[in-house]
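Below, chains carry the letters A, B, ... as their sequence lines are ordered, and counting in each starts from 1. Here the structure is a predicted model, which is why all the values come from computation and not from measurement. Reckoned from all heavy atoms, side chains included, excluding hydrogens, waters and symmetry mates.
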Amino acid sequence: MNVRVRFAPSPTGSLHIGGVRTALFNWLLAKHYNGEFILRIEDTDELRSTEESTGSIFEGLKWLGIDWDEGPGIGGGFGPYTQMERLHIYREYAEKLLRKKVVYPCYCTEEELTERREKALKERIPPGYDGRCSHLSESEKRKFENEGRKSVLRFRVPQDGVTRFSDIVRGDVEFKNSSLHDFVILKSSYVPTFNFANVIDDHLMEITHVIRGDEHLSNTPRQILLYQTLGFEMPEFAHLPMILGSDGAKLSKRHGAISVQWFKKEGFLPGALLNYLALLGWGTTDSQQIFNSKEEMIEKFSLDRVGKNPAVFDMKKLEWMDGYYIRKLSIDELFELVIPYLRESNLIEGRNSREREFAKKVISLEQERLKKLSEITEFTDFFFTEDVKYDSKAVDEILRKGSVPELLESFSGKLTKVEPFDIPTVEKAAKEFINEKNLKGKDLMQPVRVAITGKKATPGLFEVMVLLGKEKVLRRINKALEMLRR
RNA sequence: GUCCCCAUCGACUAGUGGUUAGGUCAUCACUCUUUCAAGGUGAUAGCGGGGGUUCGAGUCCCCCUGGGGACACCA
């Protein structure tokens, strides 16, 4: 099957997680059929489009490994791939439509339009354009022009009949034309609107499948009308179910975590994010959760297994999945990923090899506890600094209890004599101590843990102690004791 | 308000007329254990409601309800 698909974001903000899912499904389909995945920037919103957003889209996609076969920075036989560089093309088609009289100039100003719209909304009647400029006489047009009014071009929607299409995800869908209203195809600035530019470009770029978010479903009949009057061959449509926040509403800024940059900063792995997103709206017959590689995802992907119902984004599940991906990393890989976080919080420079080796040992102890990379600093700070932060709850609950200080003091004495200071020997000493004092394991271990790490939860204590070394362990126990005496 | 779409555990989903309704996350036990995590074992939990069709309905049809989306010179 010949497949040419595109991801066509508008650069009006950073790359959104819903956009990523759309890009991913397009990309998966292209790769599955060995087709082309095209990136097209739809920057026709003159007010809100920014260079910065464009940059963040590129950056986000690259980070995720969603590469494009044609598009900005790469080129291709159907460029340019940025709509503002294609204005002459749209104008040409707009003129063609004007000559055919299927579009007409509308002289209503934006202010008038919004006013009418708001009034309609308030009166609970459908707010569409009322068609008042659709049959202006030449003299009326001239009059408006003499008043200095600018015009837009509106498409004349037939008011009878229905427009239907078959959507790969939705099945047969139909809209009554009477519910559509005449829509703008060319703004007064001669810049096309989404519905128009999108259709022209998809046709010219020979797109075979239009895969996009469900919010575009109701735009589809308008575009189909355009395809028909332009005489363009229609692509296949596939409208993806939306991604919702936990409150059931469309995922938006208000839900916080929505830009790819945020996920990157939090330390989610791109592979895990992609894996999770793939499962939002798509699944295999056996409900497979983890894909071993992108290749596996590509191989198994199919549009007809995309579901129709909207999916709620579940951060907990993403975190579980990310933890799973982190556990599969080698220590060297994890080290490279985590070092920026440690540097940023001034815990480690990571330049010399002794420091690096130490950090790797620390990381290997923490690997299975991480759900995302950014957690590394809060989990490991005590390894890298002598300025141990004591969790006040831990101190109250564990250190400030009856005979704990005496216990620590006495254990500290025992540790002094432990030689060599390695895991088996330290462990043996601790066990002996526990037996001598007739204690339970945790009666000793928890106080020691809090004393030397400041935390209630850490990796195995013997590993931690040995990695820190005898000197630091003894010093920290002493420090803790001093703190308790105060 | 009008149009359109959607409906299986709390969440993501499998299921295409006959299943003890399966899996994963989360939750809760138990287990391992020096804590947390990971691992192992198990549990709780679901077909929104009402009518049909059928020998038989989560699966097909209709209605209701609920949720969502669209209705811009934004995409």
Side-chain angles (χ1 to χ4, degrees), chain A residues 8-12 42-49 106 108-110 113-114 117 120-129 150-154 167 170 173-176 178-181 183-189 191-195 197-198 212-221 239 241-242 244 246 248-250 276 279-290 307-321 323-324 327 366-371 379 394 398 427 430-431 434 440-446 448-450 453 455-462:
Chain A
S10 70
T12 53
E42 306 213 332
D43 55 349
T44 56
D45 184 336
E46 299 154 281
L47 254 69
R48 295 188 302 151
S49 295
C106 165
C108 301
T109 65
E110 276 189 80
L113 257 14
T114 9
R117 203 183 121 77
L121 248 15
K122 208 180 289 168
E123 288 167 10
R124 318 213 127 204
I125 53 176
Y129 181 68
K150 293 238 164 69
S151 67
V152 301
L153 249 30
R154 272 185 200 277
D167 186 282
R170 303 282 136 172
V173 183
E174 64 172 53
F175 287 81
K176 287 191 195 72
S178 56
S179 72
L180 256 27
H181 308 290
F183 57 93
V184 175
I185 65 157
L186 205 67
K187 308 180 202 176
S188 57
S189 58
V191 173
T193 60
F194 161 75
N195 278 314
N198 200 256
R212 64 195 355 176
D214 202 25
E215 66 270 23
H216 288 300
L217 190 67
S218 55
N219 278 317
T220 310
H239 287 91
M242 304 228 299
L244 312 177
S246 49
K250 181 176 169 180
Y276 176 72
L279 260 21
L280 248 34
W282 172 72
T284 56
T285 45
D286 60 348
S287 296
Q288 182 176 356
Q289 301 298 308
I290 302 282
K308 312 180 199 217
N309 36 338
V312 174
F313 191 93
D314 183 3
M315 192 63 79
K316 279 272 192 316
K317 185 160 184 179
L318 205 216
E319 285 180 348
W320 163 77
M321 199 172 274
Y324 186 93
R327 274 173 255 134
E366 300 284 354
Q367 182 170 29
E368 64 186 14
R369 307 177 65 227
L370 291 173
K371 288 200 285 287
F379 283 2
I398 291 164
E427 184 166 359
K431 295 267 159 71
I434 288 162
K440 280 188 186 148
K442 65 176 167 188
D443 294 337
L444 172 68
M445 308 293 271
Q446 276 303 73
V448 173
R449 184 187 316 277
V450 175
T453 69
K455 300 180 202 304
K456 280 202 284 192
T458 71
L461 230 209
F462 303 125

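- Using a 4.0 Å heavy-atom cutoff across all strands shown, A:S178 reaches no nucleic acid atom at all.
- Atom NZ of A:K187 is surrounded by more than 12 heavy atoms from other residues, nucleotides or ligands within 6.0 Å.
- Nucleic acid contact for A:E110: base, since at least one base atom lies under 4.0 Å from a heavy atom of the residue.
- Nucleic acid contact for A:F462: base, since at least one base atom lies under 4.0 Å from a heavy atom of the residue.
- When only modelled atom types and interatomic distance are considered, A:R170 and A:T220 share no side-chain donor-acceptor pair under 3.5 Å.
- Out of B:C4, B:U35, B:C6, the shortest distance to the side chain of A:P310 is found at B:C6.
- Within the structure, every side-chain polar atom (N or O) of A:K250 is placed at least 4.0 Å from both OP1 and OP2 of B:G67.
- Counting atom types as modelled, A:R170 pairs no side-chain N or O with a base atom of B:C5 as donor and acceptor under 3.5 Å.
- The partner of B:C28 is B:G42, by the rule that a Watson-Crick or G-U pair needs both atom distances under 3.5 Å.
- Among the protein residues, A:L461 comes within range of the nucleic acid bases, having at least one heavy atom under 4.0 Å from a base atom.
- One atom, CG of A:L180, and another, C1' of B:C4, lie 11 Å apart when rounded to the nearest Å.
- Minimum atom distance to the side chain of A:R449 is reached by B:U34, of the listed B:U34, B:U2, B:A11.
- Once rounded to the nearest 0.5 Å, the distance linking CE of A:M315 with CH2 of A:W320 reads 16.0 Å.
- B:U33: no Watson-Crick or G-U partner with both key distances under 3.5 Å is found in any strand.
- With rounding to whole Å, A:K316 atom NZ is found 17 Å from B:G10 atom P.
- Between the side chain of A:T193 and the base of B:C73 there is no donor-acceptor pair of N/O atoms closer than 3.5 Å.
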Next on the checklist: Walk me through whether A:E366 and A:R369 qualify under salt bridge (Lys or Arg N to Asp or Glu O under 4.0 Å).
Outcome noted: CA-CA 5 Å; A:E366 300 284 354; A:R369 307 177 65 227; 2.8 Å; yes
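- Computed from coordinates, the A:R48 CZ to B:C73 P distance equals 13 Å when rounded to whole Å.
- Taking the ring centre of A:Y129 as origin, the terminal cationic atom of A:R154 falls inside the region bounded by 6.0 Å and 45° from the ring axis.
- The base of B:U24 lies close enough to the side chain of A:K317 for a donor and an acceptor atom to sit less than 3.5 Å apart.
- Each of A:R117 and A:K308 lies near RNA chain B, and the nucleotide nearest A:K308 is the one positioned closer to the 5' end.
- Residue A:C106 is out of contact with every strand shown, counting any heavy-atom pair closer than 4.0 Å.
- Shown here, B:C3 forms a base pair with B:G69; the pair counts as Watson-Crick or G-U wobble because both key distances fall under 3.5 Å.
- Residue A:Q288 contributes atom CD, which lies 20 Å from atom P of B:C12 at whole-angstrom precision.
- No engagement by A:R212 is indicated, since no non-hydrogen atom pair under 4.0 Å with the nucleic acid exists.
- Using a 4.0 Å heavy-atom distance criterion, A:S218 is classed as a sugar-phosphate-only contact.
- Distance A:I290 CD1 to B:G23 C1': 13 Å, rounded to the nearest Å.
- Using a 4.0 Å heavy-atom cutoff across all strands shown, A:M242 reaches sugar-phosphate atoms only and no base atom.
- In summary, A:R48 and A:D45 engage in a salt bridge, as defined by a charged side-chain N under 4.0 Å from a carboxylate O.
- Using a 4.0 Å heavy-atom distance criterion, A:T114 is classed as making no nucleic acid contact.
- Two residues, A:E123 and A:T285, neighbour RNA chain B, and the one matched to the more 5' nucleotide by heavy-atom proximity is A:E123.
- Here A:N195 does not reach the OP1 or OP2 of B:A72: none of its side-chain N or O atoms lies under 4.0 Å away.
- Using a 4.0 Å heavy-atom distance criterion, A:G128 is classed as a sugar-phosphate-only contact.
- Look at B:C47: it lacks any Watson-Crick or wobble partner with both distances under 3.5 angstrom.
- The base of B:A75 is paired with the side chain of A:N219 by a donor and an acceptor separated by under 3.5 Å.
- Closest to the A:D45 side chain, of the nucleotides B:C4, B:C71, B:C74, is B:C74.
- Across all strands shown, A:E215 has heavy atoms under 4.0 Å from sugar-phosphate atoms exclusively, and none from any base.
- Among the heavy atoms of the strands lying under 4.0 Å from A:P127 is at least one base atom, whether or not backbone atoms are also near.
- The environment of A:K455 atom NZ is dense: over 12 non-hydrogen atoms of other residues, nucleotides or ligands sit within 6.0 angstrom.
- Whole-Å rounding puts the A:D214 CG to B:C3 C1' distance at 14 Å.
- Between the CD atom of A:E319 and the C1' atom of B:A11 there is a distance of 14 Å, rounded to whole Å.
- Out of B:U35, B:A37, B:C12, the shortest distance to the side chain of A:L280 is found at B:C12.
- Of the side-chain N and O atoms in A:K187, one or more sit less than 4.0 angstrom from OP1 or OP2 of B:C74.
- With a cut-off of 3.5 Å on both Watson-Crick or G-U wobble distances, the partner of B:C60 is given as B:G52.
- Counting non-hydrogen atoms under 4.0 angstrom, A:H216 reaches a base of the nucleic acid.
- Atom-to-atom, OH of A:Y129 to P of B:A70 comes out at 23 Å; the value is rounded to the nearest Å.
- For A:Q446 against A:K456, the heavy-atom pair with the smallest separation is NE2-O, 3.5 Å.
- Across all strands, A:E366 comes closer than 4.0 Å to no nucleic acid atom at all (heavy-atom distances).
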